[in-house]
Peer 1: 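Here it is: the structure, laid out below.
The chains referred to below are lettered A, B, ... by the order of the sequence lines, with proteins before strands, and numbering in each begins at 1. Nothing here was measured: the structure is a model prediction, and the numbers come from that model.
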Amino acid sequence: MGLQAYSGSGWILTKLEDLINWGRKRSPWPLPYGTACCGIEMMCALASGYDMARFGAERPSFSPRQADVLIEAGTITKKMVPILKRIYDQMAEPKWVIAMGACACSGGVFRTYSTLQGIDKVIPVDVYVPGCPPRPEGLLYALIKVMEKIEKDHPLRKQFDQLKLGVDNGA
Amino acid sequence: MELKDMIRGCLGPLAVAIDEFRGDLSVEVPKSHIIDALRRLKDDPGLGFDFLSDLFGVDNSEIYKKKTASKKPGDEGPETPSENDMPSPPRFDVIYLLLSLKTNRRLRVKARIAEDDPVIDSVTSIWKAATWPEREVFDMYGIRFKGHPDLRRLLMWDEFPAHPLRKDYPLEGMGEERCLIYE
Ligand code: SF4
């Protein structure tokens, strides 16, 4: 992040976009959506041993309205699809999704009538974590990847583009 | 008295077949008398099978198919007339696992159900515990339970068209997807 500190009276110069990204990046509040064995690994990553709080994922949120990273850990059955979709829709923008484990990524070993063959059939996914189950380090790595993605984001440009489009349409 | 004899005494002609396998007793009763038979087993003071520990379905179609397939037309050897001449057996079973909490004895009760008439009386009037297992059997095999208070699908979603534990249903499904409807 392009950040310069002037000694003396305490000025920091940076771009507004960088500041926003920095804030978002340092507080990715996860929504733990653990449905099967992968959920246990996710709990492990959140617990004191691996301590995901080190990366600012301080507060696992059980309300979609107060979370911005959906960690989908485990098998999703087709019966569960509407719930997953609703939870994702209820999360406020901007939001990111981690598909943790073979099941969430592709249905895993469950090539059956009842299992959803990958959650990207229903919601967009930012980072896929392979493994059955992935180790907690895998999830931490995915979180760091999400952070890198946030860092490259252009939140304001998007806003302005939308504004411009709106003006054009109105004219 | 042996458990076998006690059951024979309790059920009388309702016990179509009793057999024992490695110490486990199973008794087959006619589908039309399932409630009568189970109530007798429950109320009999000597037996007292007062606990329904499980209820599930079985689809035998693959077993019978294999039996007929393994017999080649030109095959010599001991003809077993029972396999060829008997009418094809009912496709489904519904099995009730009973337990007597007093004597800690167990019994398996089986009712056979034909494919063209997959209906049997619900035993929810005897054991409330049968409500969900019967819904599951209905969901997975398509066997209907007459008198069930709330016979809906249990594991699959409501619009699901098939019965997945039937042996002729492919494991990977037939492409059923859930459509998402939002208001
Ligand atoms: S990927 Fe493996 S560990 Fe994870 S939910 Fe599926 S089966 Fe369980």
Side-chain angles (χ1 to χ4, degrees), chain A residues 31 33-39 63-65 67 70-99 101-126 128 132, chain B residues 54-63 65-66 91-94 115 118 130-145 148-183:
Chain A
L31 191 151
Y33 194 97
T35 51
C37 8
C38 273
S63 152
R65 299 185 203 287
L70 175 66
I71 304 178
E72 208 299 289
T75 324
I76 290 287
T77 59
K78 286 178 187 166
K79 188 166 182 170
M80 219 187 289
V81 161
I83 310 296
L84 176 69
K85 183 85 169 80
R86 182 180 306 161
I87 295 242
Y88 176 78
D89 287 346
Q90 283 177 344
M91 286 168 68
E93 295 273 1
K95 52 195 169 189
W96 297 271
V97 176
I98 296 175
C103 285
C105 295
S106 66
V109 294
F110 304 108
R111 194 166 169 74
T112 62
Y113 58 90
S114 57
T115 306
L116 186 69
Q117 301 296 305
I119 61 167
D120 52 1
K121 293 207 179 244
V122 197
I123 58 175
V125 175
D126 292 286
Y128 297 87
C132 176
Chain B
D54 204 357
L55 187 169
F56 51 88
V58 175
D59 182 356
N60 291 312
S61 66
E62 287 290 293
I63 300 175
K65 220 186 281 165
K66 240 178 255 159
R91 177 173 174 182
F92 300 107
D93 295 340
V94 172
E115 190 175 2
T131 323
W132 277 31
E134 284 186 351
R135 274 177 67 186
E136 188 188 3
V137 172
F138 164 66
D139 189 356
M140 292 286 129
Y141 295 95
I143 297 168
R144 305 190 63 85
F145 290 85
H148 189 286
D150 181 25
L151 197 63
R152 280 178 300 132
R153 283 186 174 275
L154 183 69
L155 299 171
M156 307 309 291
W157 59 97
D158 287 337
E159 307 84 43
F160 192 79
H163 301 290
L165 281 191
R166 287 191 173 191
K167 293 292 180 193
D168 50 12
Y169 181 81
L171 177 65
E172 289 177 19
M174 302 199 287
E176 298 92 354
E177 292 293 340
R178 243 192 127 175
C179 49
L180 299 167
I181 302 161
Y182 289 101
E183 281 97 52

Peer 1: Flag the one option from Pro164(B), Gly175(B), Gly173(B), Pro170(B) with the top tally of heavy-atom pairs under 4.5 Å to chain A.
Peer 2: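 Answer, by heavy-atom pair count under 4.5 Å with chain A: Pro164(B).
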Peer 1: Apply ring pair (Phe, Tyr, Trp, His ring centres under 6.0 Å) to Tyr169(B) and list each qualifying residue two or more places apart in sequence or on a separate chain.
Peer 2: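 Partners of Tyr169(B) under the ring pair (Phe, Tyr, Trp, His ring centres under 6.0 Å) test: Tyr113(A).
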Peer 1: Who are the side-chain contact (heavy atoms from CB on, under 4.5 Å) partners of Ala130(B), not counting sequence neighbours?
Peer 2: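 Result, side-chain contact (heavy atoms from CB on, under 4.5 Å) vs Ala130(B): Leu52(B), Leu55(B), Val123(B), Thr124(B), Glu134(B).
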Peer 1: Around atom CZ of Arg144(B), are there more than 12 heavy atoms of other residues, nucleotides or ligands at under 6.0 Å?
Peer 2: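 Atom CZ in Arg144(B) is not packed in, count stays at 12 or less.
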Peer 1: Suppose a student defines contact as a heavy atom less than 4.5 Å from any heavy atom of chain B. Which residues in residues 102-111 of chain A would they list?
Peer 2: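 Residues of residues 102-111 of chain A touching chain B at under 4.5 Å: Arg111(A).
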Peer 1: Should the pair Arg135(B)-Asp139(B) be classified as a salt bridge under the 4.0 Å nitrogen-to-oxygen rule?
Peer 2: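 Looking at Asp139(B) together with Arg135(B), the answer is no, because their closest N to O distance does not fall below 4.0 Å.
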Peer 1: Minimum heavy-atom separation for Gln90(A) and Pro64(A), please, with both atom names.
Peer 2: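 Closest heavy-atom pair between Gln90(A) and Pro64(A): OE1-CG, 3.3 Å.
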Peer 1: Return the minimal non-hydrogen interatomic distance between Thr112(A) and Lys78(A), and the atom names on each side.
Peer 2: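 In this case the closest contact between Thr112(A) and Lys78(A) is O-NZ, 4.5 Å.
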Peer 1: Any idea which heavy atoms bring Phe92(B) and Ile143(B) closest together, and the distance?
Peer 2: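 Of all heavy-atom pairs spanning Phe92(B) and Ile143(B), the closest is CB-CD1, 3.7 Å.
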Peer 1: For chain A, which residues from residues 151-163 of chain B have at least one heavy atom closer than 4.5 Å to it?
Peer 2: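 Contacts with chain A: Leu154(B), Leu155(B), Met156(B), Trp157(B), Phe160(B).
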Peer 1: First locate atom CZ of Arg91(B), then atom NZ of Lys167(B), and finally report the distance between them rounded to the nearest 0.5 Å.
Peer 2: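 Answer for the CZ-NZ pair, Arg91(B) versus Lys167(B), is 10.0 Å.
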Peer 1: When you measure from the side chain of Lys95(A) to the backbone N and O of Tyr88(A), does any donor-acceptor pair fall under 3.5 Å?
Peer 2: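 Yes, because the side chain of Lys95(A) sits within donor-acceptor range (under 3.5 Å) of the backbone of Tyr88(A).
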Peer 1: With side chains defined as the heavy atoms from C-beta onward, is the minimum distance between Asp59(B) and Leu165(B) less than 4.5 Å?
Peer 2: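 No, too far: nothing below the 4.5 Å cut-off.
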